[in-house]
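Below is one structure; the comments refer to it alone.
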Amino acid sequence: MAPHSCEAATVRVLCPKLLLSGNQPGALQWLIGSPFFPPFTVVSTFRCIHQSPDLDQESDDLRKLLPKGFEVIGGLIVGDSDAEKSALEAVRAARRLRKIISEGGELDDEKIVGASVDAGTGAIHFFISKTEKLAKLEPVASVVYEEDKSGKYLWENGCLLHCELPIKLPFYFPASSPSESKKMFSEAVDAVITQFKEPNVVYIAETLNKASGDVPKPVVLRGKDFGFGADASNINRLPAAEDQVSDIISCSHLCLNSKPAAVVNSAENADKIQISLMLNRSEKSPTSGAPVAEYFPAMEEARLIVVDLNLDVLTYAPKELPLMHAVSNLVIPALVDQLYSLRKIILPHLLMEHPQLRIYHFNPPGVLHPITTIYELNYGESEMKQVDVRKSLHMRLGLPLDRPLLRTANALDLSVNDDSRSNTKKRGSIQLKDVHIGIPSSGVSEGVASVIQGSYEYYHYLQDSFDDSGWGCAYRSLQTIISWFRLQHYTSVSVPSHREIQQTLVEIGDKDPSFVGSREWIGAIELSFVLDKLLGVSCKIMNFRSGSELPEKCRELALHFETQGTPIMIGGGVLAYTLLGVDFDEGSGDCAFLILDPHYTGGEDHKKIVNGGWCGWKKAIDSKGKSFFLHNKFYNLLLPQRPNMV
């Protein structure tokens, strides 16, 4: 952290959720900040999950989890009425953890944050610890919560540096002394780390954002020019204009100058710089000579083992930080830490089958910055060992235990971002996504809107050059529902075609074989059978004798969207719609339904869809006394239930 004064200190809280553990007495959390941010800025908070606390295990976990560019800046604990005493306990734990992570034995003289939560009232009190030597804490002048500006602050001013490095690491050990294998492997790892800092190593930096026509040329950085060990937070940053005339190039040189206004500030949309490592073994020599091969015979029978180490690191840097220092003080230390983490996992299995390790980066909801995980692919995602790993991560990050937020399908896509391909959806899909975003309000003046949680794709008549006009609306609603489960990563099952839906109903014995290829309508019961068969998803079905009864169930439907968040299919006669939300006024009983209409037959034109009323709010009773739902028609609603899984 950069040196700073704590006179009239202000703590800034950017994270949307500060307290992860409820008011459980003794619960300890780590406050996460960055050396590049103003003093005492809390970006996120991680729960301490190893009790006592076991700081060695905590440090191992945080080295793997937290990208370089972020660091522990304090602690928060749920304590008693003596706020300062409790906060001091959190500060001492945080200082010990910081020393273990940095592998330093000296006093920690950085100023850090301590916070205490009153277990009775839930009130949070912040303090500043000036130095490890002083047992007394100082109260802060103010606490500012800025979660509404947090994403913008991080990603307008910062970028991500990504480096992948596959290594096949061979090492020898005496066949008669298997116990020597661990030592020889560790020495081989140390030799690799030494190469990261050699003068003839070359790092090539290039933008991962190919969206603009004027793509900057890659930047070549040489090891001989690096200043290893410098404090990156104290390195002079370059003003944007100076970057154009200086030989020192900042990260902003490889970042986009402007982005579309609609782009959300997030790690997924952040400027990204790809770092590639090369070792130059063919530099010019003052004297010429023939190639030389050196031979070192083994003194006794030896055994060769080759270990696959696939490094994949992600770091955060201010855009105006010199690129050279971002690589030498962030990327390279991240590679070193990750190499040591992989070594620790592999060592117990060195003479057996090696675990298949894969690094993934995630940006789960509520966490402003990416996190990094190491998964063992020897285990399937549904096997208990892998489930337990994800549960542990959910606990640490304060994520719900019934949402699959850290499965491999949720990982950040760090491939080249090219606008020329941005309209081509993954898996070959051409459907529009989340068409309800940005539509006009419902008109329920005092209403509270409860809407779908997560993303979906809009399926409607005539898509994929398939004419289902007049009979396929329920099929299209089912496809939209299944797309929701796909995009929330509950399943990898492809969205089925009409024929595949029909075949599924035949397979389970609900329909005769002649049903396949027909133009027969299906309803809520059939949809529930398909969801159960293909996804293992259970459904609740609500029946209504008349459309006039639907407004009476607004409160129940609102609860569904708040707790389950899944799309609902509404069926009535030979018509089907997809319900995405309700807006309900408890006082007056006025309500509106957010309808996605599968009967649309046009192209994938968002403006046309919204202006034509194919996606929008429908009042239960409009200003003319008319209702979207016919009073004399029987309706049923299919409410898919969200699986309880991580």
Side-chain angles (χ1 to χ4, degrees), residues 20 29-34 43-50 53-73 94 96-103 160-167 169 186 189 192-193 196 267 307-316 329-349 354-364 367-379 381 385-399 405-408 410-412 414 646:
L20 305 180
Q29 295 174 202
W30 310 118
L31 302 178
I32 308 300
S34 171
V43 181
S44 66
T45 176
F46 290 177
R47 181 181 285 152
C48 173
I49 62 173
H50 300 288
D54 183 341
L55 295 181
D56 287 327
Q57 189 61 55
E58 285 290 306
S59 66
D60 278 351
D61 287 358
L62 264 62
R63 275 198 198 97
K64 290 180 280 193
L65 197 64
L66 196 60
K68 294 294 182 185
F70 297 100
E71 63 182 7
V72 175
I73 63 164
R96 293 199 302 272
L97 178 67
R98 284 164 53 84
K99 280 202 278 190
I100 296 172
I101 291 175
S102 65
E103 299 179 343
L160 294 172
L161 287 85
H162 178 231
C163 180
E164 291 179 281
L165 184 61
I167 300 173
L169 185 61
S186 295
V189 168
V192 170
I193 291 170
F196 291 161
V307 180
D308 288 316
L309 300 166
N310 295 302
L311 305 185
D312 186 336
V313 301
L314 200 60
T315 68
Y316 175 87
N329 295 291
L330 296 172
V331 174
I332 294 176
L335 290 170
V336 172
D337 278 358
Q338 195 171 92
L339 197 48
Y340 282 144
S341 295
L342 295 177
R343 181 183 70 178
K344 186 171 184 177
I345 297 170
I346 291 170
L347 270 175
H349 312 278
H354 299 158
Q356 299 174 39
L357 304 177
R358 174 79 181 270
I359 288 98
Y360 293 94
H361 308 287
F362 298 94
N363 190 206
V367 183
L368 297 179
H369 55 78
I371 61 155
T372 299
T373 65
I374 302 175
Y375 285 166
E376 290 190 33
L377 300 186
N378 307 60
Y379 303 96
E381 287 204 301
K385 180 162 184 178
Q386 198 67 358
V387 171
D388 289 343
V389 169
R390 291 197 302 273
K391 278 185 178 178
S392 175
L393 289 168
H394 276 243
M395 289 288 292
R396 184 179 289 285
L397 300 171
L399 300 175
L405 301 174
L406 299 176
R407 292 188 165 225
T408 57
N410 300 80
L412 282 174
L414 296 172
V646 295

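Each residue takes its place number in the sequence, starting with 1.
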Can you sort out the partners of [X] under side chain to side chain donor-acceptor pair (under 3.5 Å), two or more places apart, ordered by chain and number?
{"X": "T408", "answer": "E381"}
{"X": "T45", "answer": "Q29"}
{"X": "K344", "answer": "D60"}
{"X": "D308", "answer": "K168"}

Is the shortest heavy-atom distance from the side chain of [X] to the side chain of [Y] under 4.5 Å?
{"X": "I346", "Y": "L357", "answer": "yes"}
{"X": "L65", "Y": "L393", "answer": "yes"}
{"X": "C163", "Y": "V331", "answer": "yes"}
{"X": "L165", "Y": "V313", "answer": "no"}
{"X": "L311", "Y": "E164", "answer": "no"}
{"X": "I345", "Y": "I374", "answer": "yes"}

Report task. Take V307 and L342 through the side chain to side chain contact (heavy atoms under 4.5 Å, CB included) test and state the conclusion after the steps. Result -> CA-CA 11 Å; V307 180; L342 295 177; over 6 Å; no
Query - Listed partners of R396 passing salt bridge (Lys or Arg N to Asp or Glu O under 4.0 Å), at least two apart - result: E58, D61
[X] to [Y] - nearest heavy-atom pair and separation:
{"X": "G69", "Y": "L330", "value": "N-CD2, 3.8 Å"}
{"X": "N363", "Y": "A267", "value": "OD1-CB, 3.3 Å"}
{"X": "W30", "Y": "C48", "value": "NE1-CB, 3.8 Å"}
{"X": "P370", "Y": "L160", "value": "CG-CD2, 4.0 Å"}
{"X": "I73", "Y": "S34", "value": "CG2-N, 4.4 Å"}
{"X": "L97", "Y": "L55", "value": "CD1-O, 3.8 Å"}

For the backbone of [Y] and the side chain of [X], can you confirm whether one donor and one acceptor N or O come within less than 3.5 Å of each other?
{"X": "R358", "Y": "E376", "value": "no"}
{"X": "R343", "Y": "V189", "value": "no"}
{"X": "R390", "Y": "V646", "value": "yes"}
{"X": "S392", "Y": "D388", "value": "no"}

Please list, one pair per line, the donor and acceptor atoms closer than 3.5 Å that link side chains of residues 332-341 to other protein atoms, with sequence neighbours excluded.
{"residue": "D337", "atom": "OD2", "partner": "K68", "partner atom": "NZ", "Å": "2.8"}
{"residue": "Q338", "atom": "OE1", "partner": "D312", "partner atom": "N", "Å": "2.6"}
{"residue": "Q338", "atom": "NE2", "partner": "D312", "partner atom": "O", "Å": "3.0"}
{"residue": "Y340", "atom": "OH", "partner": "D190", "partner atom": "OD1", "Å": "3.3"}
{"residue": "S341", "atom": "OG", "partner": "D337", "partner atom": "O", "Å": "3.1"}

Query raised in the report: Got a second to check how far L377's CG is from Q386's CD, nearest 0.5 Å?
Result: 7.5 Å
Query raised in the report: Quick one: CD on E103 to OG on S59, what's the gap to the nearest 0.5 Å?
Result: 8.5 Å
How would you list, by chain and number, every residue that makes a side-chain contact (heavy atoms from CB on, under 4.5 Å) with [X], sequence neighbours excluded?
{"X": "P67", "value": "F70, H369"}
{"X": "D54", "value": "H50, D56, Q57"}
{"X": "P364", "value": "F362, V367, I371, L397, L399, L406"}

Report task. Please say which of T372, N329, L161 ends up in a side chain to side chain contact (heavy atoms under 4.5 Å, CB included) with T315. Result -> L161
Query raised in the report: Given the rule in the side chain to side chain contact (heavy atoms under 4.5 Å, CB included) test, do Y360 and N410 qualify, once you have shown the distances and angles that lead to the verdict?
Result: CA-CA 9 Å; Y360 293 94; N410 300 80; over 6 Å; no
Query - By ring pair (Phe, Tyr, Trp, His ring centres under 6.0 Å) - contacts of H361 (at least two apart) - result: H162
